[in-house]
A.B. asks: 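Quick one: structure below, then a few questions.
Position 1 is the first residue of the sequence; numbering continues from there. None of the values given here were measured: they were computed from a predicted structure.
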Amino acid sequence: MKLTRLITLFLGAVFLCTSCVKEQPKPEEPEEPGQEVEEAFLEVSSLTLEFAPEGGSLTVDVSCNRKVAVKTEADWFKVLFSSKEEKNEYKIIVSAEAYRLGREGQITLSAPECESVTVSVTQTKKLKATCSLKSFSLKKSSNPALREDIEFKFDEKNATFSAMYLKWIDSQEPQMLIPTFETDGEQVLVGGEAVASGRKAVSFAEDFTVTVVAENGDTREYTVSLNCPQINTELPVLHLRPSQQITSKETYVSTSITLYDKTASSTGTGWWDSSEKGNVEVRGRGNSTWGLPKKPFRIKFPEKFSPIGLNHDKAKSWTLLAQDMDKSLMRNDIAYAYSRLLYNKDENWHDPSAVLFTSCLKFINIYFTGPYYDSSKNKTIQMDGDYLGVYQMCDQIERSSGRIAVEKLEAADGSNAEKITGGYVIETDLHEGNHYSATKGIKMTYKYPKDDDCDPAQYDYITDFINKAEAALYSSNYTDPSNGWRKYFDEKTLADFIIIKELVGDLDGYTSTYMYKRRGVDKLFFGPIWDCDKGWNNDKRVPHNEYQPLSSLMIKAGFWMPPYVSNDWFWRFWSDASLRRFVNDRWKSKRAELLALTDRILDENPTRMAKAIEANFTVWPFYYQYSSEANMPASTFEGEIARIRELTVQRAQLLDRLFAE
């Protein structure tokens, strides 16, 4: 009996190991005579053991008052059953080696009069930490509306995949495209949703973040950027499909269009789809600009219409300015912003009779389908949904309730004394003018009333009024505030007109001058501002060598009123010292606002339309001028923006001196 007990104690003190089916008996206490038998129990501290891929040892506490048997069929872990530490208390020590793929097993503990207990043993898979996006593309096979595959280039520094596509995508939802990509990660997420390569469409309207998730939960983020003006939300979009080649500035061509605005500020109004609303008419426009490679157009709707949220007016005719010579694309935008600041009705500074109209200007991406004459290549090319570039949609300068809102005057009004005094719109016009002032022979076009709806008496009236005004301007007492030029010309709109044209530094500034006359008001008002794309030293011509453009007022250095009349109206105005003082006072009161406005536009526009700008100069080379009149820009777009900013400051400093003389 003593020998048996010694052997039992010895075996209980040794750790027993098994890697196959094996039963380990629990040491058993001898029963004492008369001792009560306890109710059997078998308990463990945990029913699961989970090893990391690196392996290690785990412990399970066992409580049992009977002989315990331990079994396992797994061969990848070892079980060590300890001796009794306290009455009925034992430990099982399980150990496993490192393993990458993951595995499972069980340990079964049993004892007489007890239900068996199973402990699950697992070793988790060693999860990969890789989460790279190897490639990214848009395949035509997955996106039938594309003309070709689009391969994205990877910028490692910025973790960005980018591509450009400048063809029209003929689809109901062109922004929804199915990407194809390669990754060594476990999952790819866009906007928190899983995306499978070649299977799920996502929106490419804005740049978006792709998150690659590794098996172990690590993540890496990438930016995906598609420059496709049709679907990007920077600018409104217009697709022109003329029925034949547009070759003239006089003859309209029936044109199917698609016009929409999905920018953040869009009102959702002013869209046009010719398949639903019918065709519009389009012709060329401009003087020297019509002969440039990137052509301007005039668009005429079949009904009065406010396109893409331009709700200040409903009109049939609108202009599409190409800005081929202006490589900043910003010159007119800045000049019109100056005009809105100075010709501001809410300021209550101007005569209440002044119209104070400034053309709208909205940047727009244009596509073209049809024959198109590219003067830089001296040939007509067939475009098929090709991107034509960034344009500016503007008002047509004309009499209208939301434009130059002078009174309506028609041929039927004849020589009616109550109506014949207005309204009139006049432009000094080198190219098309057919009316001439009596004293200086200033060439003009009467824009309103139009010659096909005008009584001859009305043109006689405005011609006589202009001649009287000119006579007063060149009279000996022309500076007299009551009987001089101020009797016929509005001083305040003249002052603002001069300030804008001089700050812009536009050599053509006074060649084309709009004026208007209201009914019952015996004065000519100046404005609106128009056509400033040659400002900011964008004109290489020097009309008068004695007056260098960068150091002189444009009144003297620029082209004079047509037909380049020496000592023209603006020379004469400026010879009045009281006008110079008046302009200088107005300039000093608005100088800071004008310069701040310049900085704001030059800061904001290049950022908010960065993709469109890049696309425009992919189609039309930046460092290039087809026009023989325009100066070459800075070497880069960013440099040109900086040049305009610097020229504005320099010009302002010059005006501080010249306006005060």
A.B. asks: For residues Asn378 and Tyr373, is any side-chain donor paired with an opposing acceptor at under 3.5 Å?
C.D. replies: yes
A.B. asks: Please examine the side chains of Met609 and Asn365, heavy atoms only from C-beta on, and report whether any two atoms are closer than 4.5 Å.
C.D. replies: no
A.B. asks: Could you give the distance from CE (Met330) to CD (Glu640), rounded to the nearest 0.5 Å?
C.D. replies: 10.5 Å
A.B. asks: Determine whether a donor-acceptor pair (N or O, by modelled atom type, separation under 3.5 Å) exists between the side chain of Gln123 and the backbone of Ala96.
C.D. replies: no
A.B. asks: Looking only at side chains, do Thr358 and Tyr338 share a donor and an acceptor under 3.5 Å apart?
C.D. replies: no
A.B. asks: I'd like to know if the side chain of Lys294 reaches the main chain of Tyr391, judged simply by a donor and an acceptor atom lying under 3.5 Å from each other, with no hydrogens or angles considered.
C.D. replies: no
A.B. asks: Verify side-chain contact (heavy atoms from CB on, under 4.5 Å) between Leu602 and Ile334, making sure each step is shown before the conclusion.
C.D. replies: CA-CA 9 Å; Leu602 295 178; Ile334 299 171; 3.8 Å; yes
A.B. asks: Are Tyr252 and Arg298 close enough that a side-chain donor and a side-chain acceptor fall under 3.5 Å?
C.D. replies: yes
A.B. asks: Measuring from atom NZ of Lys362 to atom CG of Leu235, what distance do you get when rounded to the nearest 0.5 angstrom?
C.D. replies: 9.5 Å
A.B. asks: Is any side-chain heavy atom of Pro236 closer than 4.5 Å to one of Thr263?
C.D. replies: yes
A.B. asks: Just by distance, do the side chain of Ser197 and the backbone of Phe181 share a donor-acceptor pair under 3.5 Å?
C.D. replies: yes
A.B. asks: For the side chain of Arg403 and the backbone of Ile397, is there at least one donor-acceptor N/O pair under 3.5 Å apart?
C.D. replies: no
A.B. asks: So with a 6.0 Å cut-off around CG of Asp170, is the heavy-atom count from everything else above 12?
C.D. replies: no
A.B. asks: Do other residues, nucleotides or ligands put more than 12 heavy atoms under 6.0 Å from Glu104 CD?
C.D. replies: no
A.B. asks: Working note: Leu388 + Tyr372, criterion side-chain contact (heavy atoms from CB on, under 4.5 Å); need CA distance, chi angles, decisive distance, verdict.
C.D. replies: CA-CA 10 Å; Leu388 200 58; Tyr372 181 93; 3.9 Å; yes
A.B. asks: Could you tell me how the ring of Phe297 sits relative to the ring of Phe368: parallel (under 30°), tilted (30 to 60°) or perpendicular (over 60°)?
C.D. replies: parallel
A.B. asks: At what distance, to the nearest 0.5 angstrom, does CD1 of Ile308 lie from CG of Leu238?
C.D. replies: 8.0 Å
A.B. asks: So Trp168 and His239, would you call those rings parallel, tilted or perpendicular, with 30° and 60° as cut-offs?
C.D. replies: tilted
A.B. asks: Salt bridge between Glu646 and Arg643, side-chain N to carboxylate O under 4.0 Å?
C.D. replies: no
A.B. asks: What I want to find out is whether Arg645 reaches Asp603 closely enough, with some N-O distance under 4.0 Å, to be called a salt bridge.
C.D. replies: yes
A.B. asks: Answer with yes or no whether the side chains of Asn605 and Asp333 bring together a donor and an acceptor at under 3.5 Å.
C.D. replies: yes
A.B. asks: Return yes if a side-chain donor-acceptor contact under 3.5 Å exists between Ser135 and Glu182, otherwise no.
C.D. replies: yes
A.B. asks: How about Gln382: does its CD atom have over 12 heavy atoms from other parts shown lying under 6.0 Å from it?
C.D. replies: yes
A.B. asks: Determine, stepwise, if the pair Asp386 / Ile381 fulfils side-chain contact (heavy atoms from CB on, under 4.5 Å).
C.D. replies: CA-CA 11 Å; Asp386 290 279; Ile381 57 178; over 6 Å; no
A.B. asks: Should we count NZ of Lys125 as having more than 12 external heavy atoms under 6.0 Å?
C.D. replies: no
A.B. asks: Please report the C-alpha distance between Tyr165 and Lys167 in whole Å, then the side-chain angles of each, then the deciding distance to 0.1 Å, and finally whether the side-chain contact (heavy atoms from CB on, under 4.5 Å) criterion is met.
C.D. replies: CA-CA 6 Å; Tyr165 188 72; Lys167 286 283 192 179; 3.6 Å; yes
A.B. asks: Main chain of Ser376, side chain of Asp374: is a donor-acceptor contact present, judged purely on distance under 3.5 Å?
C.D. replies: yes
A.B. asks: Measuring only between side-chain heavy atoms, which start at C-beta, is Val210 closer than 4.5 Å to Phe161?
C.D. replies: no
A.B. asks: Can you check whether Asp395's main-chain N or O pairs, donor with acceptor, with Ser359's side chain at less than 3.5 Å?
C.D. replies: yes
A.B. asks: As an exercise, state the distance from CD1 of Ile613 to CG of Asn616, rounded to the nearest 0.5 Å.
C.D. replies: 8.5 Å
A.B. asks: Can you confirm whether Gln245 is buried at CD, in the sense that more than 12 heavy atoms of other residues, nucleotides or ligands lie under 6.0 Å from that atom?
C.D. replies: yes
A.B. asks: State whether the number of non-hydrogen atoms from other residues, nucleotides or ligands found under 6.0 Å of Lys126 atom NZ is greater than 12.
C.D. replies: no
A.B. asks: So does Lys277 get a backbone contact from the side chain of Asp273, meaning a donor-acceptor N/O pair under 3.5 Å?
C.D. replies: no
A.B. asks: Is a side-chain N or O of Glu234 found less than 3.5 angstrom from the main chain of Lys611, in a donor-acceptor match?
C.D. replies: yes
A.B. asks: Does CZ belonging to Arg147 count more than 12 external heavy atoms closer than 6.0 Å?
C.D. replies: yes
A.B. asks: Is the shortest side-chain N to carboxylate O distance from Glu151 to Lys139 below 4.0 Å?
C.D. replies: yes
A.B. asks: Report yes if some heavy atom in the side chain of Phe301 is under 4.5 Å from a heavy atom in the side chain of Ile257; otherwise report no.
C.D. replies: yes
A.B. asks: Under the rule for ring-ring contact (aromatic ring centres under 6.0 Å, His included), what residues qualify as partners of Tyr99, not counting sequence neighbours?
C.D. replies: none
A.B. asks: If you draw the axis of the six-membered ring of Tyr624, does the NZ or CZ of Lys327 fall within 45° of it and under 6.0 Å from the ring centre?
C.D. replies: no
A.B. asks: Taking side chain as C-beta onward, heavy atoms only, is Leu553 less than 4.5 Å from Phe659?
C.D. replies: yes
A.B. asks: Using distance alone, with no hydrogens and no angle criterion, decide if Asn279 and Ser254 have a side-chain donor and acceptor under 3.5 Å apart.
C.D. replies: yes
A.B. asks: Does Thr319 use its side chain to pair, donor to acceptor, with the backbone of Leu321 at less than 3.5 Å?
C.D. replies: no
A.B. asks: Is any side-chain N of the basic residue among Arg608 and Glu604 closer than 4.0 Å to the acidic one's carboxylate O?
C.D. replies: no
A.B. asks: For Lys128, is the NZ atom crowded, meaning more than 12 foreign heavy atoms sit under 6.0 Å from it?
C.D. replies: no
A.B. asks: Is it the case that the ring center of Phe152 lies less than 6.0 angstrom away from the ring center of Phe136?
C.D. replies: yes
A.B. asks: Run the salt-bridge test on Arg331 and Asp533 with the 4.0 Å N-O cut-off and return the result as yes or no.
C.D. replies: no
A.B. asks: Less than 4.5 Å apart, side chain to side chain, heavy atoms only: is that true for Leu138 and Thr180?
C.D. replies: no
A.B. asks: Inspect the contact between Arg220 and Asp184 and indicate whether a charged nitrogen and a carboxylate oxygen are less than 4.0 angstrom apart.
C.D. replies: no
A.B. asks: Measuring only between side-chain heavy atoms, which start at C-beta, is Tyr387 closer than 4.5 Å to Gln230?
C.D. replies: no
A.B. asks: Quick one: does Thr124's side chain get under 4.5 Å of Pro53's, heavy atoms only?
C.D. replies: yes
A.B. asks: Are any side-chain N or O atoms of Asp539 and backbone N or O atoms of Lys534, one a donor and one an acceptor, separated by less than 3.5 Å?
C.D. replies: no
A.B. asks: Would you please test Asp496 and Lys590 for salt bridge (charged side-chain N to carboxylate O under 4.0 Å, His left out) and show each step?
C.D. replies: CA-CA 10 Å; Asp496 282 350; Lys590 293 296 182 180; over 6 Å; no
